[in-house]
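Worksheet: one structure, shown below.
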Amino acid sequence: MKIPELDYRPRATRGYAPRIALVGTGGISDSHLNAYRGAGYDVAVICNRTRAKAEAKRDAWFPDADVLDDLDAVLARDDIEVIDITVHPAERVAMMEAALSAGRHVLSQKPFVLDLDVGERLVELADRRGVRLAVNQNGRWAPHLAWMREAVRAGLIGDRVSCHARVHWDHGWIADTAFDDVDDLILQDFGVHWFDFVVSLFGDGATGVQASRARAPGQAATPPLLGQAVITFAEGQASVVFDGAIGIGAEDTTFVGGTHGSLSSRGPDVSDQRVTLTTADGRVSPELVGTWFDDGFHGAMAELLCAIEDRREPSHSARGNLASLALMFAAVASSHRREQVVPGTVRRL
């Protein structure tokens, strides 16, 4: 069987090349800036309330960028069209609201919001202002997940039936960081990537989520590092398992089943994966190009820019991301209530 050619890589615009401002210079900003530099994007401003931190990022990645320490100063510039906001959720809502109100396109770090009603309000604001609001669900452009998703969209395995993701590796690096204070981190900040992947395959039709969480023996991090969720659909099922305290023998696997075939991916981590497509015609494994870090971050910005250029909704739009958040919110609630929860009934974390 011939390996199918699928358009799973980050796209390039036909010519649209806006000036971009990055707001927030925490640790994840290095992945943003590295990806943008590699893609040739014009990052014209780096903004952080601690100016020295912004200057350090500028010197490391975009020496010609201007440094600002206030979002209002960024919005006062009429040459900035796109704003990438990387700060934590509690601070981000007001920033997104200000940027959208000023008529700027926005890429929000994930999780987009911690309140679905707030998220809906921001989506409506973007619509009124005629701008695009997207979410940096960078896992969508992890090469193995992107290839599998495009294979499903191309109908290579027929109608999708199931999706099962298993992530077994060490997430203990969060100890003594800001993430150590996020009690539901494993399902919330980490797990949202896989809830989003499920939604990218199934849409927003989940009828229930049953989830649990637990501490691992000897873990140094404060939040429980073990979490799992079973997701039911009218036609189909999905599950995600996070073993976030596996220091030796780490493994990452994903399986997507369909009526006419299946897709599987396996490797020691998210950047080293081998995908296999199996149908009645045989079995093939594509040679994947790229890695999640930093192609995922390139892909998220690239899709937003292409959507702006094409005057369409981005595939990772904030509107669509509300379904991913509803699924994640339900999983978090279920892990506390110890009962099945219907997505959409939990409006905030």
Side-chain angles (χ1 to χ4, degrees), residues 23-24 71 75 83-140 178-179 181-200 202-211 213 223 227 229 231-233 300 304 307 313-337 339-349:
V23 178
L71 177 61
L75 299 179
I83 300 182
D84 180 11
I85 303 178
T86 72
V87 301
H88 291 288
E91 305 170 71
R92 198 165 55 234
V93 171
M95 290 183 172
M96 289 190 288
E97 190 164 21
L100 295 170
S101 297
R104 310 305 165 86
H105 306 287
V106 171
L107 180 64
S108 165
Q109 181 63 3
K110 59 80 193 168
F112 168 43
V113 290
L114 302 180
D115 184 314
L116 294 181
D117 294 335
V118 170
E120 290 177 355
R121 176 167 57 81
L122 291 170
V123 167
E124 291 169 0
L125 174 59
D127 286 347
R128 290 197 304 272
R129 297 296 295 152
V131 293
R132 306 298 178 217
L133 173 59
V135 181
N136 187 25
Q137 291 287 174
N138 43 77
R140 289 199 175 203
F179 294 106
D181 296 327
V182 182
D183 183 54
D184 292 299
L185 178 118
I186 204 69
L187 292 174
Q188 177 184 323
D189 188 83
F190 182 54
V192 70
H193 287 296
W194 282 267
F195 291 121
D196 183 68
F197 180 63
V198 169
V199 169
S200 76
F202 282 85
D204 62 355
T207 59
V209 182
Q210 184 82 47
R213 65 179 201 157
I231 307 160
T232 56
F233 296 86
L304 173 58
E313 190 89 340
S315 63
H316 57 333
S317 70
R319 176 179 284 101
N321 190 249
L322 291 174
S324 303
L325 290 182
L327 196 60
M328 183 264 281
F329 285 15
V332 170
S334 175
S335 72
H336 288 273
R337 299 177 188 174
E339 63 183 17
Q340 188 178 74
V341 174
V342 177
T345 60
V346 178
R347 303 301 295 175
R348 64 177 60 91
L349 289 183

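Just so you know, these numbers use all the heavy atoms, side chains as well, and skip hydrogens, waters and symmetry mates.
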Strictly distance-based, threshold 3.5 Å: is any side-chain N or O of [X] a donor or acceptor partner for the main-chain N or O of [Y]?
X	Y	value
Ser101	Ala98	no
Arg104	Leu75	yes
Arg348	Leu114	no
Ser108	Ala134	no

Sequence-distant partners of [X], salt bridge (charged side-chain N to carboxylate O under 4.0 Å, His left out), two or more places apart:
X	result
Asp117	Arg347
Arg129	none
Arg213	Asp183, Asp184
Glu97	Arg121

Would you say [X] and [Y] make side-chain contact, with heavy atoms under 4.5 Å?
X	Y	result
Asp127	Arg319	yes
His316	Asn136	no
Val106	Val131	no
Val192	Phe112	no
Arg92	Val113	no
Leu325	Pro111	yes

I need the minimum non-hydrogen distance between [X] and [Y], along with the two atoms involved.
X	Y	result
Asp189	His193	O-CD2, 4.4 Å
Leu327	Val199	CD2-CG2, 3.9 Å
Ala333	Val346	CB-CG2, 3.7 Å
Glu91	Met95	O-CG, 3.6 Å
Lys110	Val135	CB-CG1, 4.0 Å
Leu187	Ala331	CD1-O, 4.0 Å

Residues forming a side-chain hydrogen bond (donor to acceptor under 3.5 Å, both in side chains) with [X], sequence neighbours excluded:
X	result
Arg337	none
Gln188	none
Ser324	Asp196
Ser317	Glu313

Measuring from [X]:[atom1] to [Y]:[atom2], what's the distance to the nearest 0.5 Å?
X	Y	atom1	atom2	answer
Leu107	Ile85	CG	CD1	9.0 Å
Met96	Leu125	CE	CG	10.5 Å
Leu71	Ile83	CG	CD1	6.0 Å

Without placing hydrogens or testing angles, list every side-chain donor-acceptor pair under 3.5 Å for residues 203-211, not counting sequence neighbours.
unit_1 : atom_1 : unit_2 : atom_2 : d
Thr207 : OG1    : Thr232 : O      : 3.2
Thr207 : OG1    : Thr232 : OG1    : 3.1
Gln210 : OE1    : Gln340 : N      : 3.0

Quick one: ring pair (Phe, Tyr, Trp, His ring centres under 6.0 Å) partners of Phe233, sequence neighbours excluded?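 For Phe233, the residues satisfying ring pair (Phe, Tyr, Trp, His ring centres under 6.0 Å) (neighbours in sequence not counted) are Phe202.
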Salt bridge (Lys or Arg N to Asp or Glu O under 4.0 Å) contacts in which one or both residues fall within residues 320-335, not counting sequence neighbours: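 Matches after skipping sequence neighbours: none remain.
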Can you pull out every ring pair (Phe, Tyr, Trp, His ring centres under 6.0 Å) where at least one residue sits in residues 84-110? Sequence neighbours excluded, please.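 Every ring pair (Phe, Tyr, Trp, His ring centres under 6.0 Å) pair that includes a residue of residues 84-110, provided the two are not neighbours, is His88-Phe179.
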Please evaluate residues Val123 and Glu120 with respect to the criterion side chain to side chain contact (heavy atoms under 4.5 Å, CB included), reporting the C-alpha separation (whole Å), side-chain torsions for both, the decisive distance (0.1 Å), and the verdict. CA-CA 5 Å; Val123 167; Glu120 290 177 355; 5.5 Å; no
